[in-house]
Amino acid sequence: MKTLLVAEYRDGKLLNSTYELIAFAQKLGADATMFLVGSEGALPQFDGNLYLADSGKYGEFNPAVHKQMLLDVVAKEKPDLIVFSHSSYGWDLAPRIAHALQAAQISEVVEIKDGQMVIPVCNSKLRRDISAKTDVTVVTLQAGAFGLDADPNGSPTVENVDTDCLGEIEFTGYEEAEAGGVDLGKAEVIVSAGRGIGKADNVEMIASLAKALGGELGASRPVVDAEWAEHARQVGTTGQTVSPKLYVACGISGAIQHLAGMKKSEFVVAVNTDKDAPIGEVADVLIVADVKEFVPALTAKLQAL
Amino acid sequence: MKILVCIKQVPDMESKFKVNADGTWYDDADLAWRMNEYDEYAIEQAVQLKEQVGEADLTVLCIGPDRVKETMKKALAMGCDRGVHVADDQSAIKDSFAIASIIAEFARDKDFDLIFTGLQSQDRGSAQVGILVGEMLNLTSISTIVDFSYDAGRVSVKRELEGGVRAAVNASTPVLLTCQLGLNTPRYPTLPNIMKAKKKELLSVDVSELLKVEPRLETAKLYFPEKKGSGLILEGDSNALADQLIQLLKDKTAVLA
Ligand SMILES: Cc1cc2nc3c(=O)[nH]c(=O)nc-3n(C[C@H](O)[C@H](O)[C@H](O)COP(=O)(O)OP(=O)(O)OC[C@H]3O[C@@H](n4cnc5c(N)ncnc54)[C@H](O)[C@@H]3O)c2cc1C
Ligand SMILES: Nc1ncnc2c1ncn2[C@@H]1O[C@H](COP(=O)(O)O)[C@@H](O)[C@H]1O
């Protein structure tokens with residue numbers, strides 16, 4: 001089997017997710033070549049052929065142009081499997097390639113089992129074993145699902161790729177996420193509020209528990225999107241990555257994008273009315289209760305200690 | 001200006017799921033249904049755009065069994081002008097390629113200036129349909145937007161990347177956009193608008209008129225993951241639970257020391 005790995009590059013740097021693609025190919029026992037729109041100055045540690053396009057010339061985000069260059073490489077290499085990260089770059093480019101090749105796409109693969117790809121369904125409450133009926137398959141990999149056993153090493157044989165295809169969008173630059181306020185990275189205890197707290201007024205209740213534990217208030221995305229908490233408090237893929245001694249998730253279901261930000265916490269307590277909530281997968285203790293009853297009871301007892 | 005919004009009806013993710021009889025999808029009995037969260041942002045953005053430009057015709061499209069009409073009524077009450085229900089009892093087991101090709105087939109000769117979809121559906125979460133529709137119609141498409149503005153045939157959007165970084169992107173219409181959470185604040189339909197929505201056109205088309213492709217994916221089985229967590233599950237009275245947890249925190253962590 002032959003795989004073509006589509007590496008990622010942003011703001012002048014190669015992204016580490018590149019090594020997850022290599023780990024996936026190794027797990028399959030497949031040959032791997034790589035495609036990257038990046039630069040000579042930041043090459044992956046990889047023993048194989050690397051088709052390299054210059055991001056300075058073609059832009060870090062320029063879907064039509066990246067698509068054309070990648071299709072040119074596909075025509076040459078004829079891979080069975082084209083592999084992306086399930087990331088803002090990968091889920092944007094992968095369907096474009098799938099369509100051009102009339103190939104099946106399998107999104108967010110977490111595992112390979114008996115020749116089947118395993119993907120999550122319904123916020124990871126369920127799993128699905130799936131396979132493609134087409135000769136070529138496009139896959140995207142869930143962030144963190146595959147990892148190398150050893151440190152990456154090697155150096156690629158580089159072949160440059162060029163195109164005269166023109167893009168149809170104008171990418172004008174990056175904006176950093178709103179910063180300011182708290183630095184959750186330093187907190188030893190984080191108590192996070194999720195949508196399950198019900199309303200803005202209840203943030204105070206969660207903040208009181210955080211205070212009683214000597215920690216900081218964190219939040220899941222819907223709480224930040226609703227402006228019940230500032231963005232600096234958001235934990236997850238598009239917020240902060242934290243690893244406190246204690247993380248308490250209140251009314252948080254445990255979507256993969258939230259887990260990615262907190263699963264390295266030393267001890268995790270979840271408070272949730274749904275016993276099957278996926279947060280249970282990473283919780284050391286799952287308290288099956290209504291936050292509105294349990295949290296004030298706990299806070300009162302902690303204050304009395 | 002002609003605008004299309006594609007929405008999907010999904011089960012409430014807090015539901016107790018069961019695997020269906022043939023073991024390839026979830027059983028759709030006894031579930032509470034709602035609009036895919038991402039699609040609420042898509043509708044809101046389309047309605048705001050219509051309010052901005054004045055003259056616009058806004059179609060909402062949904063593929064699924066009869067029950068999806070309930071969700072479509074919400075879209076009409078939020079401000080869409082007309083609904084197109086593509087009647088399909090088998091939509092849940094169709095792959096993203098098939099769903100996208102149905103939408104593209106419908107939209108092909110209709111010259112939409114803007115098409116809004118969600119970034120992904122909450123149950124399947126493939127994040128493919130929007131971009132696929134764009135490719136099938138040969139339209140410019142931009143995914144994962146968290147900010148949108150329109151002026152004289154140009155859109156300026158921000159794509160959200162990992163870490164909350166945003167990429168600023170401009171493009172000309174016609175364009176397809178996939179909407180990420182937090183793009184705007186979706187409105188709640190008001191009672192008068194719910195009443196008005198009842199009079200809006202809700203056309204039904206049979207899927208056989210629009211489906212022209214073969215499935216590309218095959219599901220072997222759907223199942224519950226093995227519980228990996230070795231965590232304790234505690235239930236009971238809140239006060240007793242609080243005592244238990246405090247004891248656990250004393251034993252297992254240093255935070256109460
Ligand atoms: C590209 C991308 C990036 C994302 N980035 C992030 C990110 O950085 N951070 C993030 O958090 N999310 C992120 N998300 C969103 C993520 O997918 C989920 O939608 C989000 O994490 C859900 O938040 P939640 O758990 O608070 O809400 P829900 O999923 O709605 O869960 C609410 C939970 O509360 C429980 N509950 C309800 N009532 C009560 C009660 N009274 N007492 C106790 N429990 C109750 C429910 O059982 C449920 O489990 C991202 C999504 C995408 C697509
Ligand atoms: N059955 C459907 N009917 C209409 N639109 C859909 C349907 N399924 C998916 N979509 C659209 O495609 C987006 C992405 O879905 P998916 O690729 O399944 O993650 C959704 O947010 C919807 O906008």
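The chains referred to below are lettered A, B, ... by the order of the sequence lines, with proteins before strands, and numbering in each begins at 1. Both backbone and side-chain heavy atoms feed into the values below; hydrogens, waters and symmetry mates do not.
The shortest distance between side-chain heavy atoms of A:Leu93 and B:Ile131 does not fall below 4.5 Å. For the pair A:Val285/B:Leu249, no side-chain contact is recorded, criterion being any heavy-atom separation below 4.5 Å from C-beta on. Residues A:Lys275 and B:Ile233 meet the side-chain proximity criterion, which asks for heavy atoms closer than 4.5 Å. Between A:Arg128 and B:Arg124 the shortest side-chain heavy-atom distance falls below 4.5 Å. Using a 4.5 Å heavy-atom cutoff, the side chains of B:Glu162 and A:Leu15 are not in contact. Contact annotation: the side chain of A:Lys301 approaches that of B:Asn239 to within less than 4.5 Å [non-hydrogen atoms, C-beta and beyond]. Taking the side chain as every heavy atom from C-beta outward, B:Tyr223 and A:Val118 approach each other to under 4.5 Å. Under the 4.5 Å side-chain criterion, counting only non-hydrogen atoms from C-beta, B:Lys252 is not in contact with A:Asp284.
In terms of heavy atoms, A:Arg127 sits closest to B:Pro225 at CG-CB, 3.8 Å.
If you measure heavy-atom distances from A:Phe267 to chain B, the contacts under 4.5 Å come from the side chain alone. For A:Lys113, the part lying near chain B is the side chain, with the backbone staying farther off; criterion is any non-hydrogen pair under 4.5 Å. With a threshold of 4.5 angstrom between heavy atoms, A:Leu302 approaches chain B through its backbone and through its side chain. Only the side chain of B:Phe97 comes within less than 4.5 Å of a heavy atom of chain A; its backbone N, CA, C and O stay farther away. For a residue to count as touching a neighbouring chain, one of its non-hydrogen atoms must lie under 4.5 Å from one of that chain's; by this rule A:Glu293 touches chain B with backbone and side chain alike. Using a 4.5 Å cut-off between heavy atoms, A:Arg96 touches chain B through backbone and side chain atoms alike. Proximity to chain B is limited to the side chain of A:Gln116, based on heavy atoms less than 4.5 angstrom apart. Looking at B:Leu245, the atoms closer than 4.5 Å to chain A (heavy atoms on both sides) all sit in the side chain, from C-beta outward. Contact annotation for B:Asp95: neither backbone nor side-chain heavy atoms come within less than 4.5 Å of a heavy atom of chain A. A:Val189 touches chain B through its side chain: at least one heavy atom from C-beta onward sits under 4.5 Å away, while N, CA, C and O do not. Only the backbone of A:Pro120 comes within contact range of chain B, with heavy atoms under 4.5 Å apart. When heavy atoms are compared at a cutoff of 4.5 Å, A:Phe61 approaches chain B solely by way of its side chain, counted from C-beta outward. Contact annotation for A:Ala132: both backbone and side-chain heavy atoms come within less than 4.5 Å of a heavy atom of chain B.
For a heavy-atom cut-off of 4.5 Å, chain A lies close to B:Gln180, B:Leu181, B:Gly182 in residues 178-187 of chain B. Interface residues of residues 244-260 of chain A toward chain B, defined by a heavy-atom distance below 4.5 Å and sorted by number: A:Lys245, A:Leu246, A:Gln257.
Chosen from A:Pro296, A:Ala103, A:Gly236, the residue pairing most often with chain B at heavy-atom distances under 4.5 Å is A:Ala103. Interface check for chain A: of the options B:Glu160, B:Gln120, B:Glu14, B:Lys16, the most heavy-atom pairs under 4.5 Å are formed by B:Glu160. When each of A:Glu266, A:Glu168, A:Gln105 is scored by its heavy-atom pairs under 4.5 Å with chain B, the top score falls to A:Gln105. When B:Ser156, B:Ser141, B:Ala171, B:Gly130 are compared by the number of non-hydrogen pairs under 4.5 Å with chain A, B:Ser141 comes out ahead.
Salt bridge present: A:Lys67 and B:Glu135 bring a charged side-chain N and a carboxylate O closer than 4.0 Å. Ion pairing between a basic and an acidic side chain is recognised when a charged N comes within 4.0 Å of a carboxylate O; B:Glu37 and A:Arg195 show such pairing.
Using a distance-only test at 3.5 Å, with no hydrogens or angles considered, no donor-acceptor pair links the side chain of A:Lys133 to the main chain of B:Pro215.
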